[in-house]
Amino acid sequence: MPRLETLGVHAGREDFGELGVHAPPLDLSTTYPVRDLAEGTTSFDALVGGAATAANPIYARLHNPTVARFENALAQLEGTTDAVAFGSGMAAMSACLLAAGQRGRHVLAVRPLYGTNDHLLNSGLLGITTRWVEPKGVAAAINADTALVIIETPANPTLDLIDIRAVVKAAGSVPVLVDSTFATPVLQQPAALGATLVLHSATKFLGGHGDVIAGVVACDAEWAAALRQVRAATGGLLHPLGAYLLHRGLQTLSLRVLKAQDNARKLSKLLAGHPAVAKVCYPGLGTVANAHLVDTQMHGPGSLMAFEMHGGHAAASAVMAAVRLATPAVSLGSVDTLIQHPAGLTHRVVDAATQAQHGITPGLLRLSVGIEHVDDLWADLGQALEAAQLSAAA
Ligand SMILES: Cc1ncc(COP(=O)(O)O)c(C=O)c1O
């Protein structure tokens with residue numbers, strides 16, 4: 001079996017020799033000619049029913065070969081048979097909830113989650129009721145209507161880790177969805193630990209350049225069929241150009257993730273030693289819940305961290321205003337460094353009490369470290385921290 005670095009470069013390109021190409025064909029068709037109606041009808045039925053391919057793709061909401069190439073490549077990286085791509089991470093999560101809704105209307109979820117996932121689950125918008133539990137409370141909270149257990153590890157924004165194997169065991173026959181956006185398949189492969197659904201906001205590391213919004217779920221053939229049915233019926237599609245860019249992004253995923261992680265390891269220590277910083281939450285420093293899991297279920301601590309400023313909201317906003325090389329913006333996993341304020345932005349939709357309970361404080365900043373030279377990053381962060389200290393003293 002090829003290693004992950006090799007798969008990243010070659011997966012989804014197996015037929016290039018036969019095609020005589022060196023880059024994937026990009027198929028932008030919205031519709032496909034049906035010259036043989038019997039074949040067209042059979043293909044239509046198969047695709048609407050969730051088949052991965054058919055003799056005729058019929059219509060781009062049912063199938064697109066460029067999207068299928070990316071899905072195939074991502075499934076290989078996650079070690080699953082299938083993957084299904086969507087127009088955003090939220091479309092992917094919605095499709096999982098709709099597909100799970102055929103089994104039951106009750107979901108268990110562990111906080112913290114990305115703010116909009118928390119909001120979607122709490123809102124009841126999709127007719128699902130959510131019970132929030134601690135990982136150790138999963139087994140006791142399952143009832144006959146429980147369709148899914150949802151966890152995110154490392155969690156956004158606190159970087160807390162959750163033991164995937166333990167949650168899978170506690171969930172028994174109930175499928176477990178792991179949002180693995182922060183880890184990527186380079187650092188964690190939840191399916192091998194028993195997860196049924198592995199979700200990514202592909203907008204982040206998989207694309208890696210801040211120019212594609214997308215989501216993807218790696219899973220088995222049965223779940224993939226259900227997710228494709230939902231996608232065909234509700235239309236949360238990934239555009240083929242996005243899929244093309246994501247597929248290309250996979251070729252450098254490993255390099256990007258490892259280089260950013262090297263930078264993050266160094267920056268986490270520098271930040272922790274700075275007098276303007278009260279604490280740094282980074283799995284590599286052992287300062288997050290279940291940090292030991294970095295060595296057992298992950299291959300490294302990654303390149304995301306959160307740090308708490310002395311001086312609360314005012315100090316955090318002063319840092320956001322002062323950075324020059326890092327971009328003060330939401331999102332993460334890009335080649336460039338991004339810094340943002342969870343309480344004011346990504347987790348603003350989470351109610352204040354829940355924010356406080358999970359350490360999403362007014363002084364907390366989340367840093368997504370990029371692949372720039374670490375000395376340049378520290379020069380920028382250092383001057384921004386000093387600017388925050390000076391504005392507090394003024
Ligand atoms: C961990 C995590 N999951 C899901 C999402 C949602 O993905 P998208 O923004 O692509 O819809 C995000 C977005 O920030 C995220 O950070």
Side-chain angles (χ1 to χ4, degrees), residues 67 70 74 78 83-98 109-123 125-126 148 150-162 164 177-185 187-188 190 195 197-218 227 231 234-239 242-243 245-246 249 257 260 281 283 288 298 302-306 327-334 338-350 358 360 364-369:
V67 175
F70 162 64
L74 192 270
E78 284 292 356
V84 186
F86 296 88
S88 69
M90 292 316 303
M93 178 60 92
S94 302
C96 291
L97 293 172
L98 291 170
V110 179
R111 279 175 163 145
L113 294 178
Y114 165 59
T116 306
N117 276 331
D118 188 304
H119 173 67
L120 176 67
L121 289 167
N122 234 12
S123 66
L125 272 173
L126 297 180
L148 203 56
I150 298 177
I151 60 173
E152 187 178 300
T153 180
N156 188 352
T158 57
L159 279 301
D160 286 342
L161 304 184
I162 297 175
I164 297 171
L177 181 156
V178 178
D179 185 331
S180 197
T181 299
F182 276 28
T184 83
L187 300 180
Q188 171 173 286
L197 299 164
V198 181
L199 185 143
H200 292 278
S201 167
T203 316
K204 312 295 166 16
F205 290 98
L206 304 188
H209 296 75
D211 52 9
V212 182
I213 189 151
V216 64
V217 183
L227 290 171
R231 184 176 64 182
T234 61
L237 300 181
L238 172 59
H239 190 272
L245 291 170
L246 291 174
V257 166
C281 306
V288 301
M298 297 183 73
S303 53
L304 267 298
M305 68 190 73
T327 306
V330 298
S331 204
L332 58 105
S334 188
L338 302 171
I339 188 164
Q340 69 100 15
H341 186 255
L345 297 166
T346 53
H347 290 69
R348 191 165 173 73
V349 283
V350 177
H358 293 279
I360 304 169
L364 192 75
L365 289 165
R366 190 191 71 193
L367 182 68
S368 170
V369 179

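For ligands, and for the atoms within them, numbers begin at 1 and follow the listed sequence. Throughout, residue positions are numbered sequentially from 1 according to the sequence presented.
Listed by number with element, the atoms of ligand 1 under 4.0 angstrom from any heavy atom of Ser88 are 10 (O), 11 (O). Using a 4.0 Å cut-off to heavy atoms of Thr181, the atoms of ligand 1 that qualify are 1 (C), 2 (C), 3 (N). Taking every heavy atom of Ala214 and a limit of under 4.0 angstrom, the matching atoms of ligand 1 come to 10 (O). Each of the atoms 1 (C) of ligand 1 lies under 4.0 Å from some heavy atom of Glu152. The contact set between ligand 1 and Asn117, taken as ligand atoms under 4.0 Å from a residue heavy atom, comprises 3 (N), 4 (C).
The backbone N or O of Gly215 lies less than 3.5 Å from no partner atom in the side chain of Ser88, so there is not a single donor-acceptor pair. Of the possible donor and acceptor atoms, none in the side chain of His119 sits under 3.5 Å from a partner among the backbone N and O of His347. In this structure, Thr327 contributes its side chain and Ala329 its backbone to no donor-acceptor pair below 3.5 Å. Here the side chain of Thr181 pairs a donor or acceptor atom with the backbone of Ser201 at under 3.5 angstrom. A side-chain donor-acceptor contact under 3.5 Å links Arg231 to the backbone of Ala85. The closest donor-acceptor contact from the side chain of His239 to the backbone of Leu237 lies at 3.5 Å or more, if one exists at all. Checked by atom type and distance alone, the side chain of Gln188 never pairs as donor or acceptor with a backbone atom of Ser180 at under 3.5 Å. A donor-acceptor pair is defined here as one N or O able to donate and one able to accept, closer than 3.5 Å; no such pair exists between the side chain of Ser368 and the backbone of Leu332.
Among the atoms of Leu199, none of the N or O lies under 3.5 angstrom from an N or O of ligand 1. For ligand 1, none of its N or O atoms has an N or O atom of Leu332 under 3.5 Å away. Considering backbone and side-chain N/O of Thr203, one or more are found under 3.5 Å from N/O of ligand 1.
Leu199 contributes atom CG, which lies 12.0 Å from atom CD1 of Ile151 (distance to the nearest 0.5 angstrom).
Of the protein's non-hydrogen atoms, Gly89 N, 3.3 Å is the one closest to atom 8 (P) of ligand 1. Nearest protein neighbour of atom 16 (O) of ligand 1, counting heavy atoms only, is Asn156 ND2, 3.0 Å. Atom 6 (C) of ligand 1 has its closest protein heavy atom at Tyr114 CE2, 3.5 Å.
With Asp179, Ile213, Val216 as candidates, the residue nearest to atom 3 (N) of ligand 1 on a non-hydrogen basis is Asp179. Comparing Ser201, Ala155, Pro154 against atom 7 (O) of ligand 1, the shortest heavy-atom distance belongs to Ser201.
Residue-level proximity to ligand 1 for Ser331 is absent, since no heavy atom of it falls below 4.0 angstrom. By the criterion of a heavy-atom distance under 4.0 Å, the side chain of Lys204, and not its backbone, is placed next to ligand 1.
The shortest non-hydrogen separation linking Pro283 to Val288 is CA-CG2, 3.7 Å.
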